[in-house]
Amino acid sequence: MAKPTLLLIDGNSLAFRSFYALINQVDRFLSHEGLHTNALVGFNNLLDGIVDPFQPDLALVAWDAGKTTFRTEKFDNYKGQRDKTPQELVEQFEPLREMVALHGIKNYELPGYEADDIIGTLATKGATAGYAVTIVTGDRDMTQLVSDDITVWVTKKGISEVDHYTPAMVADVYDGLNPKQIIELKGLQGDTADNYPGVAGIGPKTAIKLMKEYHSIPELYARIDEMKPSKQKEKLIAGEADARLSRELATIDVDAPLAINLDDLKYQGIKYEELVPFYQHLDFKAQLVKLANMGYVISTSDEDTTNSNMTTVELDVRELSATNLTAIENLGSEVDFYLELDGENYHTAAPVAFVIGNQTNGYFASRDVELLIEDTPLKRILTDEQVKKNVFNTKALVVALSRLEINLVNVNFDLLLASYLLDTNDNQNDLGALAHENNFFAVQTDEEVYGKGAKFQIPAMDADLFEHLGRKALAIGSLAKPLFAKLAEHAQLDLYQTIELPLSFVLASMEIAGIKVDAERLLQMRSKMTERLAELEQRIYQQAGHEFNIQSPKQLGVILFEEMGLTPLKKTKTGYSTSVEVLEQMADVPIVESILMYRQLAKIQSTYIEGLLRVIHGSDSKVHTRYLQTLTQTGRLSSVDPNLQNIPVRVEEGRRIRQAFVPSKPDWVLISADYSQIELRVLAHITGDAAMQAAFRQDEDIHAATARRIFGLAEDAPVDAEMRRQAKAVNFGIVYGISDFGLAKNIGVTRKEAKAIIETYLNEYSGVRAWTEEIIEFAREHGYVETIAHRRRYLPDIKAKNFNQRSFAERTAMNSPIQGSAADIIKIAMINMQAALEEQGLEAKMLLQVHDELIFEAPAKELTQLEELIPRVMDSAVKLAVPLKVATHAGKTWYEAK
DNA sequence: TTACTCACG
DNA sequence: ACGTACGTGAGTAAG
C-alpha cells in the first residue's frame, strides 16, 4: 500500500521568489484597492500547480515569525546585510496566509524559529510516522533534509518549474556528497544572503573537495594536522571559529518546540465558494473565469457602484430552426444580439452563427444564417425601431448585416464602445476579455474556445458553440445596466449616445462605400518603380563593393560603420541606427544618398503600390478600410486593411500615389476638406490664452504670430522663413507636451537655447503656462484627464516614482485633451455632415477621415453647393472661444484635391 | 514575435 | 541627474 503523504511548503522563500519573479511589473499587478498582487499571483499559481494535483493527506505552509530567531541570538549579524523587505511585498503577507487557508492548507509560524526549522521538524516527525514527505521551497539549502522518505522540490528560475531532490539527485549535484554534508559545505563557504561568513577564501569548489576527503567540519579540524602546509591550511586554521559558527547557523533545526502535531495538518481541499470573494477582492480575473466555468456563482457587482446585478452562470440557450422561429417573436422590446464571423475583417468574413434573446426569455442560437436573411421575425426585430438591441461592436455588425441586406437600427448598448469610453487603457477586442475586465466572468474568451493561430477552429458541436455564443449574449445583456451607470457617473452618456454610437453608423457607411483605386495606374507605377529600384540597387552594390541586403539595417550598419568606416551617430538596442535622421547627417556620402533614395522608393513600392494592390476588392475595384473606433488612447480613429490615414503627401514621389485614388463614377470628383490648425485652436480654447485667441480671431498666420512673440519682433514686422519654421516647431512642441531636449533636437538649436525659447513662449502665452500646470495637477488629483466631450484618459503613471514614466504621463496629460478634443470635434462634424448630405438630398458621399480632414466624392454638379455646405457644417460642429476654419479642394483624383 | 524603419496627422 | 517630443499601421529582417 502506498504511504500517506505530507506536503510542507516554505511560505517565506516562495513568497519572495514569486515577488521577485514579477518585480519588473510590480506596478502592473495592482488590485482596485491599490494592493500589490504580484507575489499573490505567483503563489496562487504555485498552489494550483502543485497542491491541487498532489492531493496530499497532510499539508502545511510554514512562515517566518519575525526577525529574531535562535540564529540571531548566536550571531547578531545573521541576515544582517539583507535589504529591508519591500513594502510592496510586506502588504501581501496577510492576504497570502488567507489564500493558503482558502486552499485548505494550514499556516504555521513559531516565534524564534524560521520556516525552515518548522519544516525540518515536521519532515522528520512525518518520516518517522511513515509518511512520504515532500518539501516545496525556493531555497536549495533545504536539500540537507533529503532522505529516502523526504523529497525536496526546489523552484528553478521563474518559479513555475521545480527540481526534485532525492538522495540520488543530491549526490549528482554535489559530486557524491550526501544531503547532511550540504550543512558542512555551507559552513565552509558561508552564505552572503544570510550574511554568515564561512572560512574566508574557501568557495564552493574547494568546499566540495575538502568534504569528499574529510566528510565533515569536525572531522576536518580533528585531522587538520595531516594536511600539508599550504595557504589553504592557514585559511582553514584562521577560519575555524567562523566555520563552526556558520555550520551551526546552516543547520536546520529538526527538533523545534512546535505547538502543533501531524494531526493538525489535515489537508481540507480548496474552499471554492470562499475563494470567489477573495479573488474578486484581489481582481484575479483569470481565476474567477476558471471558477465561473466550474459553475460557481459570481456577482458582477462592483464595490464602487450601487448596482448589484447578480448573475448566475445558468444559461438557457436553445437551438433556433425554421420550425421554432415563432419563439423569438415573444422576446419583447429589448434583445441581446451577437453575430459570429469567421475572420476579423467583417467586410469579407463569412457569418458563422448568431444568437439572439435576453435574460428574461432565454437565448436562441443557430448556424443557419439564412434565417436572418429571409423575411423572418429575426429580420423584423433587427430592423424594428421599437426593439432595442444590445450588441458588441455596432460598426462590425452594421457592416456584416448590410451584406445580408439587413439594416440594423436602434442599438441601445454596445459593450465594446461603452468599455472603451470608460477606460481606454483596457481596450480589448475580445468580448470575453472585456467582460472579465468589467467583472462579468461567466463567459470565456474566443482564444479559450476557438484556439489561436493554426489551431483556430470554431467548435463543430452545436452544443459547444451555442453555449459560448449564449454566454457572449448574456455578457452583453448583463453589462448594459452597470456600464450605463458608470457612463452616467463619468458624465459620458452624451459622448456615448450623441457621438460614438451614431458615429459607428456613419463610419459603417463610409467603409461600405469604400474608395475606388485605379489599379492600372498603380501597375504602371510599379513597373517604373521596379526599374528605378533595380538601378539603385546596382549602384549601391557598386558603392559598397559587394552585394548585400539593403533592407537589413544590420547588414547596412556593417557596411557603413565597419567596412566604410563612417562614424555611427546613434545606436539602437541591437546595433547601429541607420534611420533617416542619422543618414541625413552624412548625406554627402554617395552611398548614403543612394540608400536614402532606395529606402524612400522601396517604401512607396512595397507599402503603398503593392500593399494597395493587394487589398483592392475584385468586385468593385475599391478599397474598404476598417476604422478602429476603440483603439487609440486619445479618441482618434485608426485605419487598417488598408491604412488610408498615412497615404504619402509630404514628398512628391510618394504623393503621386494619390493619383490612383479616384471617384467611383464618371463625372464625379473627390473633395477634401481640412481643418486649419485645429489642435492649436483647441489649445487656444481650452487654455483660455488671450493672446492666442486674439491671433485666431483676427485670422492671423499663427506660426508667424508666435515667431514675433518668441523672437521679440514688432506686431507687424515681417517674419523670415527660418523664424517661422522654428515657431511652428515650438507650437507643435507645446501640443506634444514640450521638453527643451525634444525641441532642441527638432529645430537644431542647443538645449539651452530651446529652454530659453520655451520660457519666452510661456511668458508670452501665459494662459498656456497656467493651463499646463493646472492640467498636470488635475491629472495628479483625479488620475485622468478629459476632452471637451468628456472623453477620458487615465494616467496611472502620473504618480510614478520613475522620472521617465512620470514625465511621459505629464506630457500625455497636456497632449491628450488637445488631440482628443480635436478628435471629438471632427467626429461631431462627421455625424452632422452625414445628416446634412441626406437632408439636402445630395448624392455626395463621405469616404475617408484623416484626423483633421474629410474626403468626399460627389457628382461634379454638386460641387458648388458642397463647397459651401461642407465648411459650414464642419466649422459649426462645436462652438469654441475661437473660430474653426476649414478649407476645401476638389479634383479628379485625391492628388488633385489638394 | 520583436526590432527597426518610415508613412501620416 | 534622470532621457524625452503626441497619436497611429505596415513592411521587412531576424531571432
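Chain letters run A, B, ... following the sequence lines, proteins first, then strands; residues in each count from 1. As a basis for the values below, the full set of heavy atoms in this structure was taken, side chains included, without hydrogen atoms, waters or symmetry mates.
Contacts of Ala729(A) with the nucleic acid, taken as non-hydrogen atoms under 4.0 Å apart, include base atoms. The residue Ser739(A) sits close to a base: some heavy atom pair falls under 4.0 Å. Nucleic acid contact class of Gln551(A) (heavy atoms, under 4.0 Å, all strands): sugar-phosphate only. If you check every strand for non-hydrogen atoms under 4.0 Å, Leu628(A) touches sugar and phosphate atoms only. Among the heavy atoms of the strands, none lies under 4.0 Å from Ser816(A). Within 4.0 Å of Glu679(A), counting heavy atoms only, lies no atom of the nucleic acid at all. Here Ile647(A) lies in heavy-atom contact (under 4.0 Å) with sugar-phosphate atoms only. Note on Arg650(A): a base of the nucleic acid sits closer than 4.0 angstrom, heavy atoms only. If you check every strand for non-hydrogen atoms under 4.0 Å, Asn746(A) touches a base. Note on Asn646(A): a base of the nucleic acid sits closer than 4.0 angstrom, heavy atoms only. Gly737(A) comes within 4.0 angstrom of no nucleic acid atom, judged by non-hydrogen atoms across all strands. Across all strands, Gln555(A) comes closer than 4.0 Å only to sugar-phosphate atoms, never to a base (heavy-atom distances). Within 4.0 Å of Arg751(A), counting heavy atoms only, lies at least one base atom of the nucleic acid. No contact: Val735(A) has no heavy atom under 4.0 Å from any strand.
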N/O donor-acceptor pairs under 3.5 Å from side chains in residues 654-663 of chain A, not counting sequence neighbours:
unit_1: Arg655(A); atom_1: NH1; unit_2: Val649(A); atom_2: O; d: 3.4
unit_1: Arg656(A); atom_1: NE; unit_2: Glu652(A); atom_2: OE2; d: 3.3
unit_1: Arg658(A); atom_1: NE; unit_2: Pro648(A); atom_2: O; d: 2.8
unit_1: Arg658(A); atom_1: NH2; unit_2: Ile647(A); atom_2: O; d: 2.8
unit_1: Gln659(A); atom_1: OE1; unit_2: Arg521(A); atom_2: NH2; d: 2.5

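Taking the ring centre of Tyr895(A) as origin, the terminal cationic atom of Lys898(A) falls inside the region bounded by 6.0 Å and 45° from the ring axis.
The footprint of chain A on DNA chain B, defined by a heavy-atom cutoff below 4.0 Å, extends from dA3(B) to dG9(B). Reading DNA chain C from its 5' end, the first and the last nucleotide to sit under 4.0 Å from a heavy atom of chain A are dC2(C) to dG15(C).
For the pair Thr424(A)/Arg792(A), no side-chain contact is recorded, criterion being any heavy-atom separation below 4.5 Å from C-beta on. Within the 4.5 Å cutoff, the side chain of Glu653(A) has heavy atoms near those of the Arg532(A) side chain. Side-chain contact between Phe561(A) and Thr578(A) is present, with heavy atoms from C-beta onward closer than 4.5 Å.
Salt-bridge formation is not detected for the pair Lys528(A)/Glu531(A): no Lys NZ or Arg NE/NH1/NH2 atom is positioned less than 4.0 Å from an Asp or Glu carboxylate oxygen. Residues Glu857(A) and Lys516(A) are not paired through a salt bridge, judged by the lack of any N-O separation under 4.0 Å between the basic side chain and the carboxylate. At a threshold of 4.0 Å, the pair Lys395(A)-Glu500(A) does not count as salt-bridged, since none of the basic side-chain nitrogens sits closer than that to a carboxylate oxygen. A salt bridge links Glu759(A) with Arg769(A): the closest approach of a Lys/Arg side-chain nitrogen to an acidic carboxylate oxygen falls below 4.0 angstrom.
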Legend entry - Derivation and outcome, side-chain hydrogen bond (donor to acceptor under 3.5 Å, both in side chains), residues Gln605(A) and Thr530(A): CA-CA 8 Å; Gln605(A) 179 82 315; Thr530(A) 307; 3.2 Å; yes
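Relative orientation of the His347(A) and His624(A) rings is tilted, given thresholds of 30° and 60° on the angle between their planes.
Helical stems involving DNA chain C, defined as 3 or more consecutive Watson-Crick or G-U pairs under 3.5 Å, span B:1-9 with C:6-14.
Contacts between residues 796-809 of chain A and DNA chain C, counted as heavy-atom distances below 4.0 Å, involve Phe803(A), Asn804(A), Phe808(A).
A side-chain donor-acceptor contact under 3.5 Å links Asp430(A) to the backbone of Asp446(A).
Of the candidates Asp674(A), Asp875(A), Asp699(A), Lys885(A) forms a salt bridge (charged side-chain N to carboxylate O under 4.0 Å, His left out) with just one, namely Asp699(A).
Between atom CD of residue Glu584(A) and atom OG of residue Ser579(A) there is a gap of 9.0 Å, rounded to the nearest 0.5 Å.
Every residue was checked against the side chain to side chain donor-acceptor pair (under 3.5 Å) condition with Tyr627(A), not counting sequence neighbours, and none meets it.
Across dG3(C) and dA7(B), the matching C1' atoms stand 26 Å from one another, rounded to whole Å.
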